[in-house]
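Written below as structure tokens is the structure these notes are about.
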Number of protein chains: 2
Amino acid sequence: MAMRARAEFPDRRPTIRHVAARAGVSVGTVSNVLNGDTPVSDARRTAVLDAIAALGFQPNSVAQSLRRRHSRVVGLMATGAASAYFAALLESFEDIAARQGYEVMQVLSRGDPELETRRVGALLARQVDGLIMVPTQTPERSFDLIAAAGVPAVMIDRAYPDPRFDYVTMDNDAAMRAAVAALAAEGHRRLLYVVRWPGLVTTRARIAAFHDAAALRGLGAGMLARDPADDAFAAQLACLLQGPERPDAIIASNSDLALPMLAALQALGVGVGRDIGVLVFDEPIWAGVMTPPLAVVRHPVAAIARSAWEILIDRMEHGGDERRRIVHAAEIVMRGSARRRRSDTGGEAKTAT
Amino acid sequence: MAMRARAEFPDRRPTIRHVAARAGVSVGTVSNVLNGDTPVSDARRTAVLDAIAALGFQPNSVAQSLRRRHSRVVGLMATGAASAYFAALLESFEDIAARQGYEVMQVLSRGDPELETRRVGALLARQVDGLIMVPTQTPERSFDLIAAAGVPAVMIDRAYPDPRFDYVTMDNDAAMRAAVAALAAEGHRRLLYVVRWPGLVTTRARIAAFHDAAALRGLGAGMLARDPADDAFAAQLACLLQGPERPDAIIASNSDLALPMLAALQALGVGVGRDIGVLVFDEPIWAGVMTPPLAVVRHPVAAIARSAWEILIDRMEHGGDERRRIVHAAEIVMRGSARRRRSDTGGEAKTAT
DNA sequence: GGGCTCGCTTGAAACGGTTCAACCATGCTA
DNA sequence: TAGCATGGTTGAACCGTTTCAAGCGAGCCC
């Protein structure tokens, strides 16, 4: 049958006109049976349906998009796909979108604002109906583009204060305070916060909360901001760990950072959960299999994806106009890596922030 | 300026006709300066360019696609995004595609053939120029759809013998033989192969190679095929490990399986790299931070992505016609988890298959 | 029987670009 | 001076849909 169609319309897929011709009706009628709004007599309807089946006709969505003036494609702009966090995000979106008849087009900025505006431009040119985006550190030009095109957009994860868009993020301030509290409860007195991108708004909020919470409790608070891929990283970490103000617990700002950091610790012969406590932001899938298991502050990624989609679909389909700002709570999962002594490796304790 | 454009064309982005009017030329001329094929006088060219800048005009790609009869969008059909393997794949593709002016539209089948054909249909309706796909176990209907549409496609990872498409995969047979050899060299005598999806072509190749290689060396070869999310999994694993033919090394068929398996082992109190050797297919990012570090057979994902793209672009742009089949070698990375005795946790040995 | 409504059908005009035949000055050649 | 190639320019047709005004026949009411 497929062969049949190819033979009849060499090198071209059948169009609505072929269907109309074969069914002996006008193109308008075919469109009507396809879209089911205007009534069509049963005789013609079945004739059309038969022709469609015989030809293997499938409507061309790009023509539809052009005429209908919307594409049912949403753009997803992330900074990278490899991290477990973004992969989970993409997966959530693809699922929800597919169920509602949308396609998702994913593009990556790799954290580069210039690349970001280029890729956003491409998405806009493709007439996406909406945009979900994890902004880079300086997203102004991209924001202007989006606003000029008048495309609904919701920003996730990093909330820059821009009144033109919706935001859904996690509560970084509360999460960090809870993290500090949990560590303090465990008996840790001197904390070190290791961060990869100190300039990110999310990170800035965490840094502020970290120092504030530590001060409130009279804990020591140090910080190391450095690319772990950098050679100097391990050296600086070693230096801090052997210095006079030796920290007894480390908070890592995300799971991508955690991996090289743990490697460095291992190379230094510093035992996690024995010589030092470790708590990391995000929940990498491998957190549970480590020995000792890794304590984490669990990023509410599924909830964020769901809220972002809800807001976007509302704006796309009903054109809501007030801007929303949603904040989800993270959850501290205490495990062996953050304990004061090596004692246990087992059970976990949870605390909602 | 953005505001300006919005005001002049309320609720509508500027089109090529607006540009033409403003520059005092015909639409054909605007198109010519945009596409640079036909010569345009300098005076008009700058007039057009000025108008474009003033209006913030950007060509509508869906109109372009309709007229040009190609979209410069490629579809990427995977079975899931969460696994490190697919995330890496997506990231590689997005990078290469963006550089060459393509957009990628990703859809997920979740391993379900029915969902796969629906999603492939959506991609085809959107007039993708090409398709890169990790097929499900029974992809026939999807294959027919793709072939009928006449869209170039390259299948990766799982090579079903279908002459209509190109394939790029890893050499599962050689990889498994090398794995068995490496384990044997380490002194292991009874091997257990734990697999999640025994029906996959890739897995079938591995299973055959596993039994064959073990037999050739006179090693014991057992197999456990079971969903690790299933309760029975841990019980069956325990049973095998305590039985009379107690294996002294396990090969896990992929990293998603490895995680729950390691957890089960831990719960059983069986020490990895001490009581039992473990080697896993794929290289999860966390392989290095485990104690002991995880021995893996490294999946050549970047190489696969690159080859697949090369083939696809060739077919899309030059319409090559002979089908190709590319096989990349995996690499065994020996580490502590697969050692016979707990001895070392450090250095790694590599063996190309 | 005339006028209406009602259900169905049609054909043409968009949508926003690209492409191409035709045209128009020039300047060059014979 | 006619003939002709050449560089620029234009306008209309086209891509494959949807949408909508207009038409049409049948049935109904007065």
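Residue numbers start from 1 in every chain, and the chains themselves are labelled A, B, ... in the order their sequence lines are given, proteins ahead of strands. None of the values given here were measured: they were computed from a predicted structure. Hydrogens, waters and symmetry mates play no part in the numbers below; they use all other heavy atoms, side chains included.
- Counting all heavy atoms, side chain and backbone alike, A:Asp314 lies closest to A:Arg324 at OD2-NH2, 2.8 Å.
- Listed here is the closest heavy atom pair of A:Thr117 and A:Ser142: CG2-OG, 3.2 Å.
- Between the side chains of A:Ser31 and A:Asn35, at least one donor-acceptor pair of N or O atoms lies under 3.5 Å.
- Helix-axis bend for the helix from C:dG1-D:dC30 to C:dA30-D:dT1: the local axis fitted to the five terminal pairs at one end deviates from that at the other end by 70°, rounded to 10°.
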Within the 4.0 Å limit for protein heavy atoms, which parts of nucleotides 15-25 of chain D are touched? Write it as a string from 5' to 3', B for base, S for sugar-phosphate only, - for none. BBBBB------

Pairs of donor and acceptor atoms involving the side chains of residues 152-161 of chain B, under 3.5 Å and at least two apart or interchain, shall be tabulated with distances.
{"from": "B:Asp157", "atom 1": "OD1", "to": "B:Tyr85", "atom 2": "OH", "distance (Å)": "3.3"}
{"from": "B:Asp157", "atom 1": "OD1", "to": "B:His299", "atom 2": "NE2", "distance (Å)": "3.4"}
{"from": "B:Arg158", "atom 1": "NH1", "to": "B:Pro135", "atom 2": "O", "distance (Å)": "2.9"}
{"from": "B:Tyr160", "atom 1": "OH", "to": "B:Thr136", "atom 2": "O", "distance (Å)": "3.0"}
{"from": "B:Tyr160", "atom 1": "OH", "to": "B:Gln137", "atom 2": "O", "distance (Å)": "3.2"}

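- Among the atoms of the strands shown, none is found under 4.0 Å from any heavy atom of B:Ser61.
- With sequence neighbours excluded, no residue forms a salt bridge (charged side-chain N to carboxylate O under 4.0 Å, His left out) with A:Arg17.
- Considering every non-hydrogen atom in both A:Arg45 and A:Val33, the closest pair reads NH2-CA, 4.1 Å.
- With sequence neighbours excluded, no residue forms a side chain to side chain donor-acceptor pair (under 3.5 Å) with B:Tyr167.
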What's touching nucleotides 21-28 of chain C from the protein side, N or O pairs under 3.5 Å?
none

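- Across all strands shown, A:Thr38 has heavy atoms under 4.0 Å from base atoms, whether or not it also approaches the sugar-phosphate.
- The closest side-chain heavy-atom distance from B:His70 to B:Gln127 is not below 4.5 Å.
- Note on A:Ser41: every side-chain N or O is 4.0 Å or more away from OP1 and OP2 of C:dG7.
- Of all non-hydrogen atoms in B:Met77 and B:Leu108, the two that sit nearest each other are SD-C, 4.3 Å.
- Heavy atoms of B:Val62 sit nowhere under 4.0 angstrom from any nucleic acid atom.
- A side-chain N or O of B:Ser307 and one of B:His328 form a donor-acceptor pair less than 3.5 Å apart.
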